[in-house]
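Data block below; observations after.
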2 protein chains.
Amino acid sequence: MQYDPNSPIWLQVMTAIKTDIVTGRRPPGEKLPGGRELAVLYTINPNTAARVYQELEREGLCESRRGMGTYVTGDEERIAQVRGTMARQAAARFANEMEKLGIGRQEAARMILEEEKE
Amino acid sequence: MQYDPNSPIWLQVMTAIKTDIVTGRRPPGEKLPGGRELAVLYTINPNTAARVYQELEREGLCESRRGMGTYVTGDEERIAQVRGTMARQAAARFANEMEKLGIGRQEAARMILEEEKE
DNA sequence: CTTAGTGCACTATGCACATAGTACACTAAA
DNA sequence: TTTAGTGTACTATGTGCATAGTGCACTAAG
């Protein structure tokens, strides 16, 4: 994984796993990799990995049990709620950025539809 | 101005001024506030303010002249180019985020058009 | 020449992040 | 009971960001 130096690594890894959860790639109740294993998977420090799970737990997306591991929450309503929030926030941020650039919603939407994939 | 603690302040202030330049709120050739004055305007440290101008100069959006101050570049082509890049990058980032959430371009564009303003 | 404003280059401190390493408590399985 | 895997809690180090403060070189205006 490629990391942006202008943003904390724990936040970037957290967002990646968060996305896996809300899209169902990591289903409710599933066991997540152990802290030490996560560190290897994402080439980060075990302490940073622990931070990732702490923050995910704080958002109600997973539960850590000492000696057993960390699991995706079974609260599907919460997961759906977070997914909606993520989408709405992304849209709001984009609309805001474009507005600051003096580009209206019509034009912004058009750019999304016609955008080239690189 | 409100600062996001998960991103460097110099980058946030830089983006703000960059936006002012590409939208014409700060026209080509205009004198920008002095480093010490900028620090007061944005409630940041003079060193951080200096960093902002250094980075803006590195992007070819302003020119600093010792003893005279910092000025918006007169290269209007460069300004237009940066504006286009900012818009395209914002669109690409948004489309990518939505794709990761399993939301297609049609739906993403619809959200932009129908998004509520808060 | 003097002065004010400027860019620019330093030193120093505090903090968060990321790293490395160690240790302990707990759980499940052999 | 022993063992492996786990979450959790420490200490310690290095780095970048942001802060504070000082000083110097340069420019334009008085």
Side-chain angles (χ1 to χ4, degrees), chain A residues 1-18 20-21 26-75, chain B residues 1-18 20-21 26-75:
Chain A
M1 185 170 173
Q2 182 89 334
Y3 296 113
D4 172 7
N6 286 323
S7 170
I9 293 179
W10 66 261
L11 188 60
Q12 299 177 55
V13 176
M14 179 195 176
T15 303
I17 298 180
K18 200 170 157 181
D20 285 345
I21 293 175
R26 292 196 183 273
E30 189 186 75
K31 185 179 187 308
L32 291 166
R36 295 163 179 82
E37 190 185 351
L38 187 72
V40 176
L41 288 173
Y42 284 87
T43 331
I44 57 179
N45 189 274
N47 296 312
T48 306
R51 172 82 185 267
V52 170
Y53 283 151
Q54 284 165 14
E55 299 288 343
L56 281 173
E57 191 161 16
R58 219 172 44 78
E59 284 210 16
L61 286 177
C62 70
E63 290 155 18
S64 293
R65 278 166 258 171
R66 194 194 199 89
M68 295 187 63
T70 303
Y71 297 77
V72 177
T73 181
D75 186 346
Chain B
M1 185 169 172
Q2 181 89 335
Y3 296 113
D4 172 8
N6 286 323
S7 171
I9 293 177
W10 67 261
L11 188 60
Q12 298 177 56
V13 175
M14 179 196 176
T15 303
I17 298 179
K18 199 170 158 180
D20 285 344
I21 293 175
R26 293 196 183 273
E30 189 186 76
K31 184 178 187 308
L32 291 165
R36 296 163 178 83
E37 190 185 352
L38 186 73
V40 176
L41 288 173
Y42 283 88
T43 332
I44 58 180
N45 190 275
N47 296 312
T48 306
R51 173 81 185 267
V52 169
Y53 283 150
Q54 282 166 16
E55 300 288 343
L56 281 173
E57 191 161 16
R58 219 173 44 79
E59 284 210 17
L61 286 176
C62 71
E63 291 154 18
S64 292
R65 277 167 259 170
R66 194 195 200 87
M68 296 187 62
T70 303
Y71 297 77
V72 177
T73 181
D75 186 347

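Sequence lines set the chain letters: A, B, ... in the order given, protein chains first and strands last, and positions in each chain run from 1. Bear in mind the structure is a predicted one, so any value in this text is a computation, not a measurement.
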State which of dT6(C), dC26(D), dT8(D) makes the closest approach to the side chain of Ser64(A). dT8(D)
May I ask you to verify if any side-chain N or O of Thr70(B) is less than 4.0 angstrom from the OP1 or OP2 atom of dG7(C)? yes
Report for the helix from dC1(C)-dG30(D) to dA30(C)-dT1(D): angle between first-end and last-end helix axes, five pairs each, rounded to 10 degrees. 10°
Should Glu30(A) and Tyr71(A) be marked as a side-chain contact (heavy atoms from CB on, under 4.5 Å) after you check the CA-CA gap, both sets of side-chain angles, and the distance that decides it? CA-CA 6 Å; Glu30(A) 189 186 75; Tyr71(A) 297 77; over 6 Å; no
Are any side-chain N or O atoms of Gln12(A) and backbone N or O atoms of Asp4(A), one a donor and one an acceptor, separated by less than 3.5 Å? yes
Any side-chain N or O of Arg51(B) under 4.0 Å from OP1/OP2 of dC17(D)? yes
OP1 or OP2 of dT19(C) under 4.0 Å from side-chain N/O of Asn47(A): no
Does Arg36(B) reach a base, just sugar-phosphate, or nothing at all? Heavy atoms under 4.0 Å. base
By nearest heavy atom, map Thr48(A) and Gly69(B) onto DNA chain C; which one lands nearer the 5' end? Gly69(B)
Could you walk me through whether Asn6(B) and Ser7(A) pass the side-chain contact (heavy atoms from CB on, under 4.5 Å) test, one step at a time? CA-CA 6 Å; Asn6(B) 286 323; Ser7(A) 170; 5.7 Å; no
Looking at the side chain of Pro8(A), which of dA25(D), dT6(C), dA18(C) is the nearest nucleotide? dA18(C)
5′-ward residue of the pair Glu37(B)/Gln54(B) relative to DNA chain C: Glu37(B)
Compile the donor-acceptor pairs under 3.5 Å between side chains in residues 51-58 of chain A and protein atoms, sequence neighbours left out, one pair per line.
residue  : atom : partner  : partner atom : Å
Arg51(A) : NE   : Glu55(A) : OE2          : 2.9
Arg51(A) : NH2  : Glu55(A) : OE2          : 3.4
Tyr53(A) : OH   : Pro33(A) : O            : 2.6
Glu55(A) : OE1  : Arg58(A) : NE           : 3.1
Glu55(A) : OE1  : Arg58(A) : NH2          : 3.0
Glu57(A) : OE2  : Ser64(A) : N            : 3.2

Taking atom P of dA20(D) as reference, at what distance in whole Å does atom CD1 of Ile9(B) sit? 11 Å
Please report the distance, rounded to the nearest Å, between CE in Met68(A) and P in dG7(D). 11 Å
When you measure from the side chain of Thr15(A) to the backbone of Leu11(A), do you find a donor-acceptor pair of N or O atoms at a distance under 3.5 Å? yes
Indicate whether OP1 or OP2 belonging to dA20(C) is found under 4.0 Å from a side-chain N or O atom of Asn45(A). yes
